Enquirer: 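Structure below; questions to follow.
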Amino acid sequence: MENQTIDVMIAKNQIAIDFDAIEKFEEEEESSILPKGLVNAQNLDWIKEEVLFVGIKTTRKQGQPNISEIKICGKTCLEWLMLAGSGCENIIINDPQEDLISALKQIKTDKKFIAVFYDETPLVDVGLFQKIMCHFTKTGLNALSLPRGYVFRRDFLFCIETFASPCLNQFDERAFTLATSSVAINEIANVLYKKIKNFHLKNGVILMGSETIFIDGDVEIESGTIIYPNNIIKGQTVIGKNVILESGNIIEDSIISDECYISDAFIQKSKIGSRLDVTGEHIVNQSL
């Protein structure tokens with residue numbers, strides 16, 4: 001079949017990972033990030049209605065990696081963080097450093113609560129954010145210091161000039177790992193890769209030797225697909241049903257249709273039609 005150039009139609013800012021599902025799956029396997037006494041309310045719709053989620057883009061410090069540019073599992077630290085506030089009104093501001101209270105007062109919002117997190121903490125996810133907000137409201141707090149962040153009642157915020165309080169330290173330290181060193185970034189990547197793989201496992205994807213399989217956060221994979229060791233799947237890629245990915249593939253921003261067999265191939269910005277075999281090929285901007 002003659003090859004032709006195509007535009008791969010994948011939605012901008014595609015989010016393939018259901019973080020609610022991930023959180024539930026992880027809670028079945030290991031202890032919760034918060035102690036059992038801090039339990040989520042069953043109906044969490046109020047969080048979307050009443051919370052302003054503020055993501056702070058930190059200033060690069062000498063000797064530290066520029067985390068605003070580094071991508072971990074296909075997303076920047078800030079993009080991972082902002083997923084935690086999905087559904088809430090949200091805003092991103094540059095780090096005001098010593099003048100946080102003044103910066104927050106300048107934000108126009110009618111939300112009852114303001115939650116502040118820093119892009120240095122990409123492991124803060126929607127489940128943790130919800131638990132923090134439930135704890136905050138159930139204990140009747142006006143303000144709360146987190147290992148790297150804060151929660152305020154908006155009315156209280158406008159009554160103060162500065163704020164200092166003991167930090168609530170009842171969290172898994174991993175959740176607030178700071179992406180400020182190469183060692184920490186490696187640890188964060190390992191955690192995120194595990195979450196992503198767990199999500200796909202729950203959805204019926206078979207990972208054979210997952211230690212050498214790397215899947216970005218925006219990748220969609222249908223059930224029945226088998227992925228063997230030494231596969232890298234990047235960007236906004238869609239893998240159909242019952243695909244076999246043998247070892248040695250790099251696939252980026254592409255569509256692999258149902259029941260394909262792919263081995264030792266580099267595929268970028270391309271669409272592979274159903275039931276095709278691709279072995280040892282270099283395919284860029286093409287449709288087969």
Side-chain angles (χ1 to χ4, degrees), residues 1-22 24-26 69-76 79-80 83 86 122 186 188-288:
M1 184 178 296
E2 183 180 354
N3 295 343
Q4 65 183 81
T5 301
I6 64 162
D7 293 324
V8 178
M9 300 300 293
I10 302 176
K12 185 178 181 181
N13 296 326
Q14 166 187 332
I15 299 175
I17 300 299
D18 182 345
F19 287 93
D20 289 319
I22 287 176
K24 291 175 184 176
F25 176 76
E26 289 184 337
E69 297 178 1
I70 294 174
K71 285 195 173 183
I72 305 176
C73 305
K75 295 180 181 291
T76 65
E79 288 171 333
W80 281 114
L83 289 181
S86 296
N186 182 67
I188 289 167
N190 288 337
V191 172
L192 290 174
Y193 276 127
K194 181 181 177 182
K195 286 190 174 191
I196 292 167
K197 290 177 208 178
N198 283 344
F199 172 80
H200 291 299
L201 286 169
K202 288 288 286 185
N203 283 347
V205 177
I206 299 172
L207 304 177
M208 307 289 284
S210 62
E211 293 79 6
T212 59
I213 296 171
F214 300 94
I215 304 171
D216 277 356
D218 283 334
V219 172
E220 293 186 6
I221 308 175
E222 298 288 343
S223 63
T225 286
I226 302 174
I227 305 177
Y228 286 91
N230 298 316
N231 270 281
I232 300 173
I233 310 173
K234 303 174 65 177
Q236 295 180 330
T237 291
V238 177
I239 308 291
K241 292 183 179 179
N242 302 320
V243 171
I244 296 177
L245 298 182
E246 285 285 1
S247 297
N249 299 303
I250 300 176
I251 302 172
E252 181 175 5
D253 294 328
S254 297
I255 298 173
I256 309 298
S257 302
D258 295 350
E259 300 182 22
C260 284
Y261 176 91
I262 313 292
S263 177
D264 194 27
F266 176 84
I267 301 172
Q268 184 181 60
K269 298 184 184 300
S270 299
K271 180 178 179 179
I272 308 300
S274 299
R275 302 181 181 86
L276 292 178
D277 292 356
V278 178
T279 302
E281 295 191 40
H282 188 285
I283 302 172
V284 179
N285 289 322
Q286 289 186 351
S287 173
L288 296 183

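For clarity, every value in this text was computed on a predicted model and none was experimentally measured.
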Enquirer: List for me each residue that meets side chain to side chain donor-acceptor pair (under 3.5 Å) alongside Gln268, sequence neighbours excluded, and say none if there are none.
Expert: Glu252

Enquirer: Are side-chain heavy atoms of Ser263 and Tyr228 found at a separation under 4.5 Å?
Expert: no

Enquirer: Check for a donor-acceptor pair, side chain of Asp264 on one end and backbone N or O of Thr279 on the other, with a separation under 3.5 Å.
Expert: no

Enquirer: Quick one: list whatever passes side chain to side chain contact (heavy atoms under 4.5 Å, CB included) with Asn230, sequence neighbours left out.
Expert: Thr212, Ser247

Enquirer: Do Thr237 side-chain atoms and Asp253 backbone N/O form a donor-acceptor pair below 3.5 Å?
Expert: yes

Enquirer: I'd like to check Ile251 versus Leu245 (side-chain heavy atoms, cut-off strictly below 4.5 Å). Are they in contact?
Expert: yes

Enquirer: Identify the heavy atoms of Pro122 and Ile188 that sit nearest to each other, and give their distance.
Expert: CG-CG2, 3.7 Å

Enquirer: Do you know the tightest heavy-atom contact between Asn203 and Ser223?
Expert: O-CB, 3.2 Å

Enquirer: Could you state the interatomic distance from CG (Asp218) to CD (Glu79), rounded to the nearest 0.5 Å?
Expert: 8.0 Å

Enquirer: Listing request: all ring-ring contact (aromatic ring centres under 6.0 Å, His included) pairs with a residue in residues 238-278, at least two apart in sequence or in separate chains.
Expert: Phe266-His282

Enquirer: With a 3.5 Å distance limit and no angle check, can you tell me whether Trp80 reaches the backbone of Leu192 through a side-chain donor-acceptor pair?
Expert: no

Enquirer: Is the backbone of Gln236 close enough, under 3.5 Å, to the side chain of Asp216 for a donor and an acceptor to pair up by distance?
Expert: no

Enquirer: Who are the side chain to side chain contact (heavy atoms under 4.5 Å, CB included) partners of Leu207, not counting sequence neighbours?
Expert: Lys197, Leu201, Val205, Ser210, Ile213, Ile215, Ile227

Enquirer: Enter the distance from Ile262:CD1 to Asp277:CG here, rounded to the nearest 0.5 Å.
Expert: 7.5 Å

Enquirer: Rounded to the nearest 0.5 Å, how far does NZ of Lys75 lie from CG of Leu83?
Expert: 5.0 Å

Enquirer: Who passes side chain to side chain contact (heavy atoms under 4.5 Å, CB included) against Lys241, sequence neighbours left out?
Expert: Glu222, Asp258

Enquirer: Taking only residues two or more places apart in sequence or in another chain, which ones pass ring pair (Phe, Tyr, Trp, His ring centres under 6.0 Å) with Tyr193?
Expert: Phe214

